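Quick note: numbers below take in every heavy atom, side chains included, and nothing from hydrogens, waters or symmetry partners. A, B, ... follow the sequence lines: proteins, then strands. Residue 1 opens every chain. Source: prediction; values computed, not measured.
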Number of protein chains: 2
Amino acid sequence: MKRTRKPNDVTTPPKIDIRGVASLARVSIATVSRTINHVPTVDPVLASRVWKAVSELNYFPNTQARALVSGKSRLLGLVVSEITNPFFPELIQEFEQIAVARGYEILIGSTNYETKTMEVCARRMLERQVDGVAIMTFGIEDFLLDRFTADNIPYVFIDPAPSRPLNSVLAVDYRAGIYEGVQHLAVLGHRNIGFISGPLTRRSAQSRKAAFLSCLQSTGLKANPEWLIEGNHALDGGRDAMQKILALPTWPTAIICSNDMTAIGLQHALFEANLRVPDDFSLIGFDDIHLAEYTIPPLTTVRMSCRELATRAIDNLLSRLKPLDNPAESATKITTRLIVRQTTGLPRNTLQDLPQMPATTPRKR
Amino acid sequence: MKRTRKPNDVTTPPKIDIRGVASLARVSIATVSRTINHVPTVDPVLASRVWKAVSELNYFPNTQARALVSGKSRLLGLVVSEITNPFFPELIQEFEQIAVARGYEILIGSTNYETKTMEVCARRMLERQVDGVAIMTFGIEDFLLDRFTADNIPYVFIDPAPSRPLNSVLAVDYRAGIYEGVQHLAVLGHRNIGFISGPLTRRSAQSRKAAFLSCLQSTGLKANPEWLIEGNHALDGGRDAMQKILALPTWPTAIICSNDMTAIGLQHALFEANLRVPDDFSLIGFDDIHLAEYTIPPLTTVRMSCRELATRAIDNLLSRLKPLDNPAESATKITTRLIVRQTTGLPRNTLQDLPQMPATTPRKR
DNA sequence: TACCCCACGGAAAACGTTTACACTAGGCAT
DNA sequence: ATGCCTAGTGTAAACGTTTTCCGTGGGGTA
């Protein structure tokens with residue numbers, strides 16, 4: 001025998017493990033394991049002795065050991081672009097609540113839009129043996145996905161990722177919400193509408209932009225390439241984009257942003273330039289983060305439900321974990337819809353007789 | 001023999017584990033382990049064979065197994081109050097970057113201010129065998145801390161927690177920053193200053209409030225209990241607090257908030273009430289989240305450095321992990337300082353000749 | 001009374017690592 | 001030539017669980 005369990009060392013307190021519980025309850029470790037895993041065939045007398053010992057010792061099972069032998073970590077990965085963009089914490093919160101309700105915990109990865117960091121995150125997910133991963137960021141490399149496939153770990157993309165199998169992509173209906181936004185502006189009399197996209201290396205940014213252009217067209221409006229600016233989904237990108245527009249010889253009267261942080265950046269730039277929202281510019285955001293209700297003035301925006309996103313992502317993952325259930329392959333899209341607040345109004349220099357602005361939509365999630 | 005490693009099953013792909021690498025590299029698993037852990041005594045020839053096999057198989061070690069045997073998870077816990085309050089994601093981001101730089105990963109827990117959730121978080125930290133925990137929220141129960149102690153897991157409180165041993169508390173110098181704020185307002189001519197605290201069940205909220213009162217006194221100003229309102233560190237709490245103040249017969253001319261989200265809530269309430277900042281009310285926040293620079297108008301606030309917080313917390317934890325290093329027990333406090341932007345100005349109905357407001361402080365982190 | 005079956009508990013293998021210890025060569029000094 | 005030391009590798013124990021398989025005892029049936 002090379003190494004032996006150290007003999008009863010009176011100086012160090014005894015380790016609290018399954019063996020300790022077993023000996024205190026005067027049963028075998030197998031019975032302890034069965035009890036705490038709620039296997040129904042345990043004698044109630046022994047079970048109560050076990051529970052007594054568990055609470056007496058304040059015992060928690062070791063997750064590592066448990067995962068090692070069972071091959072299931074009960075951990076779900078969530079990879080997002082940037083944790084400091086308030087949209088993602090909201091998503092994370094929903095994701096966590098739903099995961100916990102389903103008996104899982106979550107491991108968060110934030111890529112900060114860097115490919116390198118993305119790789120580190122994916123690697124971490126792999127190393128920690130997550131049971132599934134939801135990915136809401138751009139630019140994951142194929143070899144990483146292959147490794148997920150090799151380890152039989154299901155993944156789901158939130159946002160289109162066309163090169164992936166269908167069952168691993170959760171489509172968001174960008175068009176519906178943006179169309180409502182364009183219509184809303186058109187009804188108010190806007191004819192010149194700009195769009196601030198996210199970083200165009202990102203597929204979802206491209207989709208939102210494409211959705212905007214398509215909506216514009218079906219509303220019968222013309223796109224002006226000068227008013228299509230690439231942002232970065234963050235405050236500073238929004239501010240910079242607005243400054244670029246203000247430097248242009250002709251301005252749009254309304255601007256749609258591909259996320260709320262960008263819109264808040266625009267609001268700030270307009271404030272700095274002494275221009276007023278919605279009197280000088282109408283603004284529409286995207287996401288409907290909590291903060292959108294509190295900007296000055298409150299932001300009209302397209303709501304995408306974090307809860308729906310999280311639920312669908314987790315259910316997708318979980319359904320693929322247990323092949324017994326029929327995967328059902330529902331191809332429905334995540335819905336989006338316009339929430340009208342106060343950053344949209346009549347276009348500048350217009351005195352047409354137009355319908356009153358509807359009141360602020362009450363927030364209900 | 002009860003269970004045997006399944007015989008070469010041609011249908012399932014071979015598991016990629018340390019044994020696979022070992023056999024491909026024609027060495028023992030011990031050599032593989034030593035190689036990937038950079039033990040210096042490995043023959044370079046064998047090592048290169050191992051690395052070749054590793055990259056060929058795209059092998060990642062199993063963290064669970066690794067943690068199980070070594071007893072170290074290389075995981076640091078971080079428990080925060082509420083992930084949707086933007087301050088915390090900023091802290092999380094810093095914490096993660098520093099942890100990664102030190103060779104650790106992080107596990108995030110968000111308590112949502114609920115004792116029950118706090119317990120679940122702590123339990124999770126225990127179960128996942130974190131090597132240390134940083135806690136920035138209120139109301140952790142003693143028995144949980146005892147369990148950390150029993151498992152020899154160091155913990156550190158960010159925020160005063162007087163009943164804990166000194167080396168496990170990172171003190172924040174609330175007074176310094178708030179004092180600057182009060183002075184700043186006093187110089188502008190404000191005599192009537194209100195304060196919106198966090199939930200007073202929280203020790204840190206009490207500290208900030210106590211710091212404010214003490215600063216008021218040393219500036220020679222009187223506190224009005226009607227202007228001391230309890231908020232919830234969130235947007236709606238700020239809005240509600242401001243509405244309470246506006247319902248009062250006499251108003252303060254300036255209000256200090258115990259965090260930025262509260263201040264943004266106040267700004268919103270003032271906007272709704274058609275009052276102007278800083279013309280009608282001066283406002284000061286606390287934390288200096290990224291967003292503070294982008295509010296309308298940009299928020300004057302007390303900066304607390306997330307990076308400093310994170311660095312100190314992690315170094316504290318890590319120093320206690322290796323008892324060889326002298327713990328050094330540095331009792332310095334986390335510094336805070338005022339960042340003057342545009343929500344502070346002369347008090348209402350005042351036409352004294354006072355110094356110009358300084359320009360916006362450029363943001364540098 | 002004899003037999004069988006069922007319910008339940010315990011012993012022990014297995015999960016994928018790290019690491020203590022044993023062992024083998026080879027180099028060097030005597 | 002012999003002995004000793006060192007460098008480097010391999011074997012196997014150990015980590016704390018889950019889970020399989022077997023044994024035992026009790027109750028029901030013929």
### Query
Could you give the CD1-to-C1' distance, from B:Ile18 to C:dT18, as a whole number of Å?
8 Å
### Summary
DNA chain D nearest-nucleotide lookup for B:Val27 and B:Ser70: closer to the 5′ end is B:Val27
### Query
Checking all strands, does A:Ser33 fall into the base, sugar-phosphate, or nothing category for heavy-atom contacts under 4.0 angstrom?
base
#### Entry: Gap between atoms CZ and P, on A:Arg26 and C:dG9 respectively (whole Å)
14 Å
### Query
A:Phe60 CZ to D:dT17 P: how many Å, rounded?
12 Å
#### Entry: Any B:Thr31 side-chain N or O less than 4.0 Å from OP1/OP2 of D:dG10
yes
### Message
Taking the basic N atoms (NZ, or NE/NH1/NH2) and the acidic carboxylate oxygens, is any pair closer than 4.0 Å for A:Arg123 and A:Glu127?
### Response
yes
### Query
Within the side chain of A:Asp17, is there an N or O that forms a donor-acceptor pair under 3.5 Å with the backbone of A:Gly20?
yes
### Message
Is it true that A:Arg66 and A:Asn62 share a donor-acceptor pair across their side chains at a distance under 3.5 Å?
### Response
no
### Message
Can you tell me if B:Tyr59 touches the phosphate of C:dG16, counting only side-chain N or O atoms and a distance under 4.0 Å to OP1 or OP2?
### Response
no
### Task
From the options D:dG16, C:dC8, C:dG16, select the nucleotide whose nearest atom is closest to the side chain of A:Asp43.
C:dC8
### Distance, rounded to the nearest Å, where A:Glu127 contributes CD and C:dC15 contributes C1'
17 Å
### Message
Set out, in order, the CA-CA distance, both residues' side-chain angles and the distance that settles side-chain contact (heavy atoms from CB on, under 4.5 Å) for B:Asn58 and B:Ile16, then state yes or no.
### Response
CA-CA 8 Å; B:Asn58 206 358; B:Ile16 301 172; 5.5 Å; no
### Message
Between A:Glu105 and B:Arg124 (salt bridge meaning N to carboxylate O under 4.0 Å), is one present in this structure?
### Response
yes
### OP1 or OP2 of D:dC15 under 4.0 Å from side-chain N/O of A:Asn62
no
### Query
Given that A:Val42 and B:Arg66 both sit by DNA chain C, which one's nearest nucleotide is further toward the 5' end?
A:Val42
### Query
Nearest-Å distance, CZ (A:Arg34) to P (C:dC8)?
11 Å
### Task
Send over the distance from A:Leu46 CG to D:dG25 P, rounded to a whole Å.
15 Å
### Message
From the set C:dC8, D:dT17, C:dT18, return the single nucleotide nearest to any side-chain atom of B:Val69.
### Response
C:dT18
### For atom CD1 of A:Ile29 and atom P of C:dA11, their distance in whole Å
9 Å
### Interatomic distance where CD belongs to A:Gln64 and C1' belongs to D:dT18 [whole Å]
15 Å
